[in-house]
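Quick note on labels: first sequence line is chain A, next is B, and so on, each numbered from 1. From a predicted model like this one, the values you see are computed outputs, not experimental measurements.
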Amino acid sequence: MNIVQQTEEKLKEEIAQSVLKAELATEDQLPSIVLEQPKEKAHGDYATNIAMQLAKIAKKAPRQIAEDIIAQFDRSKASIKDIEIAGPGFINFFMDNQYLTNLIPTILEEGENYGSSQVGNGEKIQVEFVSANPTGDLHLGHARGASVGDALCNVLAKAGYDVQREYYINDAGNQIANLATSVQARYMQALGKDWPMPEDGYHGQDIINLGKQLAEEHQDSLEDKPEEERLAFFRQYGLKYELEKLEKDLADFRVTFDHWFSETSLYEDGKIQPALDTLKDKGYIYDEDGATWFRSTDFGDDKDRVLIKNDGTYTYLTPDIAYHKNKLDRGFETLINIWGADHHGYIPRMKAAIQALGYESDTLEVEIIQMVNLFQNGERVKMSKRTGKAVTLRELMEEVGIDAMRYFFVMRSSDSHLDFDMDLAKSESNENPVYYVQYAHARICTMLKQAEEKGFTDEGYNGALLTSEKEEDLLKKLGEFTQVVEEAAVKRMPHRITQYIFDLASNLHSFYNAEKVLDADDEERTKARIALMRAVKTTIANGMQLIGVSAPEKM
RNA sequence: GUCCUAGUAGCUCAGCUGGAUAGAGCAACAGCCUUCUAAGCUGUAGGUCGCAGGUUCGAAUCCUGCCUGGGACGCCA
C-alpha cells in the first residue's frame, strides 16, 4: 500500500470512528465508507457521502449528521487541512498535500515495480486469448484481442495474480482438413495445374505463398503420391507453417504465450472420453435422435447441445469441454477467455459446461472483444474472410507501427466497437494520442539529459519545495497509479491504463509549460523538480509497459 | 421471433460502489515559441446522457417497456 492508499484508509477509519463516537449508528449499521475524489477542486481533495447514507438510520437531516461527525473528527489523524460541509450533506476534506511528496522516494526506489500490488493475492488465473485457427493470417480482430489480452495479463500480473497466458490451437477437425485441401490446390496451381479451390477453402495470400514454396521445394514430386498420403503431408506441413507464422507475427507484435495448447493433444492423451464420462456420471447427458446431448438447459442455456453427432463425430463443443476441464484440472482458480464478438452466443453453453463439471459459473469469465472497423481516407475498408481480402496484422504493423496499434486497440473498452482510423494512427501529429504520451516521456528524458550535462542532480532534494498547483496535480496523479492498476486488474479493464497515462502525460505537459525545471538561479527547486520528473518518467514508462507500447527517450 | 451488446457534444469515446454544475481528444474559434522538444500549453463555444415510465434524499448509472445500430441463435468451427 502506498502513502496515498494509507492516507485514504486512515481517513475512512477516522470517519467511521467519528460516526460511532457521535452515536449516529452502531457498528452493525455502519455502511462501508465511500471516499471519492470530487471532480471540482472547490469540493476538496476527498469527499464522503456518509451523512446522506446515514439519514435514514440516524433519523436526522444529512447536514446535521455531517456537523455531528465533524465535531468528533480528529483531523490530526490524516493530514487534513480543512473540512467543510457542502451541498445536500457532503463532507469535503481538504488535505495538506505535503504528504504526497513522500511518493517520490517510493517511486524512485521501486522503479519498474512501482504500481505493483498484491490484490490478486497470488490467485492462479489463466487467460486464453487470440486462439485463431491456424488456417490463415491474423487480422484486425485478432490484433485487438491480442492487444487487450496481453495488456490484461500484464495488469493482472502487476496486481499480484499468478497469470498464465495460453493459446488454444484448433488443429483438429474440419478446418484443418480444409487447410490441407487448400494447400493442395495452391500447390497444384503453382505447378500450373487447373485445380479448383475446395468449397470451404482458405483463400488467403499466405496459402498461395505456401503453395509456391512447396512447388519450388518439391517440384511435381508430390503429385504422384496417393491422395491420403499427400493430404496428410499438406496438412502437417501447412499446420507447421501456419503455427510458426502465428507465433512470429504475435511475437513481433510483442505478444508471447506461456503455453500453446493443441486440440489434437486432447485426443492423443485421451482427454475427451473422461470429460464426457464426468458429465454422464452426473446425469447431464442423454441420447436422442441418434445423437448424444448435453442438458445445458439445466444451467440456463436456452437449448440443449449436441456432443456426439449421429454420424459418430464430436461437435466443436465436446473437445472444448474437455479442454476446459483440463484447464481446471491444472489448478487454475479462474479462467478468462477472450473471444471475438461472433462467439458470444457460445458463452451460456460453455458456462453450463463449467457448472456441470462441478464449478461455479464465475470460474469462467468471458471477455468479448467487439469488432474492429477499419477506416482509410475517411472510408470504411470492406473485409471478407471468404475471399481472403482482409488487412492482416502483419500489414498493419508495417504500415502504422506497433505502438499505435497496441495503444489504439486497448484505448477503448473492449465491449464497444472500435473504429480504427489508419490515417490517424499513422499521423505524426497532435491528433494521435500515442505520440502525446510518448512525447511526455521523451520530454522528461531530454530534461534529465540536459540536467546531467549542466551538472544538476536531485541529490539531497527537498520535496517540500514542490508546492505549485501543477506540482500537486502531478503528485496526486502519481499516487493514483497503483489503484488504477488494481482496478484495471480486478475489473478486467485494461483500457483504464491508457486513460491514466494519458491524464498523467497531460499533467506533465501542463506543468512543463507553466514551470521551468532546470533553473540555475534556484538550485534547490531544480533538485526537487528533477526528482519529480524522474518519478513521472518511471510511472509513465510503467504504464506504457503494461499496454505494450514503447517509451522512447527522444522523438 | 428469442437472446446478447451498444446508444452520452459535430466526430471518436470516458464516466468507479447511484452523488454536487455529465468529462476528454479531435474538429471550430481566440491566444502562447529570443527560455528544458509547439508531436506542447492556455482559454471560448458546444449536451432533452435514444424515448417513456418506475425505484429514492439523489439516476447517464439500478428496474420495466419501447425505438435504433451491431452481433448471436447449426448434429459448422
Side-chain angles (χ1 to χ4, degrees), chain A residues 31-32 34 36-40 42-43 47-49 52-53 55-56 61-62 86-90 92 133 135 170 172-176 178 200 288-293 301-303 305-317 319-320 340-348 368 370-371 373 375 411-413 415-419 421 424 427-440 442-451 453-454 456 483-484 487 491 493 495-496 498-499 502-503 505-506 508-519 526 529 533 554-555:
Chain A
S32 72
V34 177
E36 59 182 42
Q37 299 186 22
K39 295 165 203 137
E40 289 284 325
H43 295 145
T48 180
N49 61 356
M52 273 105 82
Q53 289 189 303
K56 257 192 189 150
F90 288 99
N92 296 336
N133 290 345
T135 54
N170 290 104
N174 284 336
Q175 71 275 15
I176 297 302
N178 289 336
D200 298 314
E288 196 174 287
D289 300 335
T292 301
W293 296 71
D301 196 5
D302 48 11
K303 60 180 87 157
R305 307 293 170 178
V306 170
L307 293 176
I308 305 175
K309 296 180 256 182
N310 58 17
D311 67 0
T313 59
Y314 297 133
T315 62
Y316 180 74
L317 181 61
D320 230 13
D342 53 342
H343 283 74
H344 88 252
Y346 199 72
I347 298 173
I368 289 298
Q370 280 295 345
M371 300 193 357
N373 293 318
F375 284 80
M411 178 165 64
R412 305 299 183 206
S413 73
D415 52 15
S416 66
H417 298 233
L418 179 73
D419 289 341
D421 183 337
L424 175 60
S427 76
E428 298 192 357
S429 76
N430 57 351
E431 298 166 36
N432 194 333
V434 190
Y435 291 98
Y436 184 85
V437 177
Q438 291 185 319
Y439 186 44
R443 262 187 159 168
I444 295 173
C445 291
T446 301
M447 283 188 276
L448 294 178
K449 199 171 166 208
Q450 293 207 2
E453 285 165 4
K454 292 177 181 172
F456 292 115
Q483 281 158 292
V484 169
E487 197 175 275
K491 295 189 173 166
M493 295 175 115
H495 76 279
R496 285 283 163 78
T498 57
Q499 312 242 316
F502 189 89
D503 287 348
S506 176
L508 184 276
H509 288 310
S510 180
F511 163 78
Y512 180 92
N513 276 274
E515 317 276 0
K516 195 160 163 60
V517 173
L518 307 176
D519 182 358
T526 297
R529 285 183 170 166
M533 288 302 102
K554 61 180 174 194
M555 293 174 72

Sequence neighbours excluded, the answer for side-chain hydrogen bond (donor to acceptor under 3.5 Å, both in side chains) partners of A:H43 is none

Per the glycosidic torsion and the 90° limit around 0, nucleotide B:rC33 is syn

Apply ring pair (Phe, Tyr, Trp, His ring centres under 6.0 Å) to A:F375 and list each qualifying residue two or more places apart in sequence or on a separate chain. none

May I ask you to test the A:Q370-A:L418 pair for a side-chain heavy-atom distance under 4.5 Å? no

Do side-chain atoms of A:D289 reach the backbone of A:A291 as a donor and acceptor pair under 3.5 angstrom? no

Within less than 4.0 Å of OP1 or OP2 of B:rA14, is there a side-chain N or O belonging to A:S413? yes

With nearest nucleotides of RNA chain B determined for A:L518 and A:F502 from heavy-atom distances, which residue corresponds to the more 5′ nucleotide? A:F502

Protein-proximity profile, nucleotides 70-77 of chain B, B/S/- by nucleotide at the 4.0 Å heavy-atom cutoff, equals SBSSSBSB

Measure NZ/A:K454 against P/B:rU35 and give the value in whole Å, please. 12 Å

With sequence neighbours left out, what residues match A:D519 under side chain to side chain contact (heavy atoms under 4.5 Å, CB included)? A:D521, A:D522, A:T526

Pairing residues for A:T135 by the side chain to side chain contact (heavy atoms under 4.5 Å, CB included) criterion, not counting sequence neighbours: A:N133, A:Q175, A:I176, A:L179, A:Y202

What pairs of nitrogen or oxygen atoms, one from the protein and one from nucleotides 17-23 of chain B, lie under 3.5 Å apart?
{"residue": "B:rU17", "atom": "OP1", "partner": "A:K491", "partner atom": "NZ", "Å": "2.5"}
{"residue": "B:rG19", "atom": "N7", "partner": "A:N49", "partner atom": "ND2", "Å": "2.8"}
{"residue": "B:rA20", "atom": "OP2", "partner": "A:K39", "partner atom": "NZ", "Å": "3.1"}
{"residue": "B:rA20", "atom": "N6", "partner": "A:N92", "partner atom": "OD1", "Å": "2.6"}
{"residue": "B:rA20", "atom": "N1", "partner": "A:N92", "partner atom": "OD1", "Å": "3.1"}
{"residue": "B:rA20", "atom": "N1", "partner": "A:N92", "partner atom": "ND2", "Å": "3.1"}

Residues at least two apart in sequence or cross-chain that pass side chain to side chain contact (heavy atoms under 4.5 Å, CB included) with A:T446, listed by chain then number, are A:Q450

Separation of B:rA39 atom P from A:L508 atom CG, nearest Å, is 15 Å

So what does A:Y512 touch, heavy atoms closer than 4.0 Å: a base, only the sugar-phosphate, or nothing? base

Counting the atoms with a prime plus P, OP1 and OP2 as sugar-phosphate, which does A:T292 contact under 4.0 Å by heavy atoms, base, sugar-phosphate, or nothing? nothing

For B:rA14, does OP1 or OP2 lie under 4.0 Å from any side-chain N or O of A:S416? yes

Tell me the interatomic distance from A:M411, atom CE, to B:rG15, atom C1', rounded to whole angstroms. 16 Å

Given the C1' atoms of B:rA28 and B:rC63, what is the spacing between them in whole Å? 41 Å

Give a yes or no answer on whether the side chain of A:N92 reaches the backbone of A:A47 with a donor-acceptor pair at less than 3.5 Å. no

I'd like to check A:M52 versus A:P62 (side-chain heavy atoms, cut-off strictly below 4.5 Å). Are they in contact? yes

Between B:rU5 and B:rC57, how many Å separate the two C1' atoms, rounded to a whole number? 33 Å

4.5 Å side-chain heavy-atom contact, A:N174 and A:D200: no

Just by modelled atom types, is the A:K516 backbone N or O under 3.5 Å from a matching donor or acceptor in the A:R529 side chain? yes

Where the side chain of A:H344 meets the backbone of A:A341, is there a donor-acceptor pair that is under 3.5 Å apart? yes

On a whole-Å scale, what distance lies between the P atoms belonging to B:rA39 and B:rC33? 15 Å

Might you list the N or O atoms of the protein lying below 3.5 Å from N or O atoms in nucleotides 41-43 of chain B, with each pair's distance?
{"residue": "B:rC41", "atom": "OP1", "partner": "A:Y436", "partner atom": "OH", "Å": "2.4"}
{"residue": "B:rC41", "atom": "O4'", "partner": "A:N513", "partner atom": "ND2", "Å": "2.9"}
{"residue": "B:rU42", "atom": "OP1", "partner": "A:S510", "partner atom": "OG", "Å": "3.0"}

Listed by chain and number, what are the salt bridge (Lys or Arg N to Asp or Glu O under 4.0 Å) partners of A:D342, not counting sequence neighbours? none

Contiguous pairing runs of three or more, Watson-Crick or G-U under 3.5 Å, that involve RNA chain B: B:1-7 with B:67-73, B:10-13 with B:23-26, B:28-32 with B:40-44, B:50-54 with B:62-66

Considering only atom P, compute the distance from B:rU12 to B:rU21 and round it to an integer number of Å. 29 Å

Quick one: salt bridge (Lys or Arg N to Asp or Glu O under 4.0 Å) partners of A:R443, sequence neighbours excluded? none

Sugar-phosphate, base or nothing in reach of A:Q483, heavy atoms under 4.0 Å: nothing

Between P on B:rG40 and CE on A:M447, what's the gap in Å once rounded to a whole number? 15 Å

For the pair made of CG in A:L418 and C1' in B:rC13, what is the distance, rounded to whole Å? 10 Å

What is the distance, rounded to the nearest whole Å, between atom CG of A:D421 and atom C1' of B:rU12? 9 Å

Please state the C1' separation for the pair B:rU35 and B:rA24 - nearest whole angstrom. 30 Å

Between B:rU64 and B:rA27, how far apart are the C1' atoms? Round to whole Å, please. 39 Å

Whole-Å distance between B:rA6 C1' and A:R412 CZ? 15 Å

To the nearest Å, how far apart are A:D301 CG and B:rC3 P? 14 Å

Who passes side-chain hydrogen bond (donor to acceptor under 3.5 Å, both in side chains) against A:E487, sequence neighbours left out? A:R496

Can you tell if the side chain of A:Y512 reaches within under 4.5 Å of the side chain of A:V517, non-hydrogen atoms only? no

Can you tell me how far C1' in B:rA52 sits from the matching atom in B:rG7, rounded to whole Å? 16 Å

C1'-based separation of B:rG31 from B:rC49 [nearest Å]: 32 Å

